[in-house]
Amino acid sequence: MQIISEYNTSERVQTVGQKQITVIDKTPVFDSEADRQQVIAGVENQLYRIFCKYM
């Protein structure tokens with residue numbers, strides 16, 4: 001799995017109860033659709049391993 005080094009970021013202020021917090025959304029930027037699919041497959045495989053361990 002490749003390491004993603006570039007992200008599109010956006011910030012917003014959200015109120016939780018009486019407290020305001022800053023929420024930062026980070027969306028990864030991929031060089032190609034193939035890279036994107038490779039990262040998705042890697043994440044799915046890791047999640048499958050975790051769920052198999054506890055099922």
Side-chain angles (χ1 to χ4, degrees):
M1 185 178 346
Q2 85 181 45
I3 297 174
I4 303 164
S5 60
E6 188 177 337
Y7 294 89
N8 290 330
T9 59
S10 64
E11 293 184 19
R12 68 178 190 277
V13 176
Q14 186 73 37
T15 303
V16 178
Q18 299 293 326
K19 191 174 187 179
Q20 287 191 338
I21 60 171
T22 301
V23 178
I24 301 171
D25 294 323
K26 295 177 85 174
T27 306
V29 177
F30 297 99
D31 293 334
S32 67
E33 183 63 24
D35 288 342
R36 180 180 174 276
Q37 291 299 326
Q38 182 181 5
V39 170
I40 289 172
V43 170
E44 288 173 346
N45 289 337
Q46 291 289 40
L47 288 172
Y48 179 76
R49 288 183 198 159
I50 292 168
F51 290 133
C52 284
K53 184 177 179 179
Y54 295 102
M55 296 303 271

Enquirer: Nearest 0.5 angstrom please: D31 CG to E6 CD, how far?
Expert: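 One finds 8.0 Å between CG of D31 and CD of E6.
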Enquirer: Taking the hydrophobic residues Ile, Leu, Val, Met, Phe, Trp and Tyr, and joining any pair whose side-chain heavy atoms are under 4.5 Å apart, which ones share a cluster with Y54?
Expert: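 Reading the cluster by chain and number, Y54 sits alongside I50.
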Enquirer: Looking only at non-hydrogen atoms, find the nearest pair between V39 and F30 and report the distance.
Expert: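 Answer, listing the atom of V39 first, then F30: CG2-CE2, 3.6 Å.
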Enquirer: Indicate if V23 and Y7 have the same hydrophobic cluster label, given that clusters are the connected sets of ILVMFWY residues with side-chain heavy-atom separations under 4.5 angstrom.
Expert: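 No, because V23 and Y7 fall into different hydrophobic clusters, even though each may have its own neighbours under 4.5 Å.
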Enquirer: Please collect all side-chain hydrogen bond (donor to acceptor under 3.5 Å, both in side chains) contacts where either partner lies in residues 9-25, sequence neighbours excluded, each pair once.
Expert: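 The answer is R12-D25.
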